[in-house]
Engineer: 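My structure is below; once you've seen it, I'll send some questions.
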Amino acid sequence: MLDYGDITGETTDAIVNAANERLAGGAGVDGAIHRAGGPTIMAQCRKIGGCPTGEAVITTGGKLKAKYVIHTVGPIYRDGTKGEAKLLQSAYKKSLELAREKGLQSISFPAISTGIYGYPLDEAAHLALNTCIEFVRGNTDIKLIRHILFSSKIYDIYSTQLKMLV
Ligand code: AR6
């Protein structure tokens, strides 16, 4: 399901953070989640220590409405020949697997890698939606996957890509 807005207000069991490998916090959606969720999220990130690109880890949601934050690291986009697509798919898949392992039923994603990491929006939207659709075909445990898009431009790109997939 697509929606427009700020992911920090989501009431799904988990929200996903577009983090960096050091889990050090940053700008964009990462900064917004840590600001809204408070310091317990960063304290747990420090304990975990890091997360390789394409992997995912989980912490509390702190003061957020969502119980958990799943931190994943999308690829930095270079020229598309450095394994970026596989890594972006993996970031979505590992986040979903972690949610399933925890018994969660709903999850919200931002458009991972499409901000500071520079991933072209059309391709990132296609990969995000396709990976989620394939995952729910094989697993029925997760009942709701929301994609929270931060601008009308990104929302429109997701809508176009979704129409092509279903
Ligand atoms: N809610 C939903 N989406 C958001 C929000 C928000 N509050 N804020 C930004 N976006 P980015 P990346 C969108 O740059 O490209 C950080 O510094 C934004 O419009 O947050 O994966 C990390 O620490 C864009 O479409 O993440 C890493 O160092 C999308 O979220 C690095 O940036 C992702 O943009 C990760 O870069």
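Each ligand, and each atom within it, is numbered from 1 in the order the structure gives.
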Engineer: Does K143 NZ have over 12 foreign heavy atoms under 6.0 Å away?
Structural biologist: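 Counting other residues, nucleotides and ligands, NZ of K143 exceeds 12 neighbours.
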Engineer: Report yes if some N/O of I116 lies less than 3.5 Å from some N/O of ligand 1; otherwise report no.
Structural biologist: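 It does: an N or O of I116 is found under 3.5 Å from an N or O of ligand 1.
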Engineer: Counting only heavy atoms, tell me which of A24, S113, A36 gets closest to atom 12 (P) of ligand 1.
Structural biologist: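 The residue whose heavy atom sits nearest atom 12 (P) of ligand 1 is S113.
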Engineer: N/O of A19 under 3.5 Å from N/O of ligand 1, yes or no?
Structural biologist: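 By distance alone, the answer is no.
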Engineer: Measure the acute angle between the ring planes of H147 and F109, then classify it against the limits of 30° and 60° as parallel, tilted or perpendicular.
Structural biologist: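 Parallel: the ring planes of H147 and F109 meet at under 30°.
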Engineer: May I ask you to identify the nearest protein heavy atom to atom 27 (C) of ligand 1, giving residue, atom name and distance to one decimal place in Å?
Structural biologist: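 Protein heavy atom with the smallest distance to atom 27 (C) of ligand 1: Y117 OH, 3.5 Å.
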Engineer: Any link between I148 and Y155 through a network of hydrophobic side chains (Ile, Leu, Val, Met, Phe, Trp, Tyr) touching at under 4.5 Å?
Structural biologist: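 No: no chain of side-chain contacts under 4.5 Å links I148 to Y155.
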Engineer: Output side-chain donor-acceptor pairs under 3.5 Å for residues 34-52, partner residues at least two apart or in another chain, one line each.
Structural biologist:
residue, atom, partner, partner atom, Å
H34, NE2, D30, OD1, 3.4
Q44, OE1, T60, N, 3.0

Engineer: For ligand 1, which is the ligand I care about here, please tell me if D30 has any N or O atom under 3.5 Å from one of the ligand's N or O atoms.
Structural biologist: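 Yes; the residue has a nitrogen or oxygen that sits under 3.5 Å from a nitrogen or oxygen of the ligand.
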Engineer: Taking distance alone, with no angle check, do V29 and ligand 1 share an N/O pair under 3.5 Å?
Structural biologist: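 Indeed, backbone or side chain, V29 has an N or O that close.
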Engineer: Which heavy-atom pair separates A111 from L149 by the least distance, and what is that distance?
Structural biologist: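 Looks like CB-CD1, 4.2 Å.
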Engineer: Under 3.5 Å, side-chain donor or acceptor atoms of residues 82-94 against the rest of the protein: list the pairs with distances, not counting sequence neighbours.
Structural biologist:
residue, atom, partner, partner atom, Å
K82, NZ, D79, OD1, 3.4
K82, NZ, D79, OD2, 3.2
E84, OE1, T81, N, 3.3
E84, OE1, K82, N, 2.7
E84, OE2, R78, N, 2.9
E84, OE2, D79, N, 3.3
E84, OE2, G80, N, 3.0
S90, OG, G54, O, 2.6
Y92, OH, P110, O, 3.3
Y92, OH, I112, N, 3.2
K94, NZ, E55, OE1, 3.3
K94, NZ, E55, OE2, 3.1

Engineer: Consider every N or O of G118 and every N or O of ligand 1, then say whether any pair is closer than 3.5 Å.
Structural biologist: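 Not met; the criterion fails.
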Engineer: Name the option, out of G28, A111, S151, A124, that contains the heavy atom nearest to atom 33 (C) of ligand 1.
Structural biologist: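 Closest candidate by heavy-atom distance is A111.
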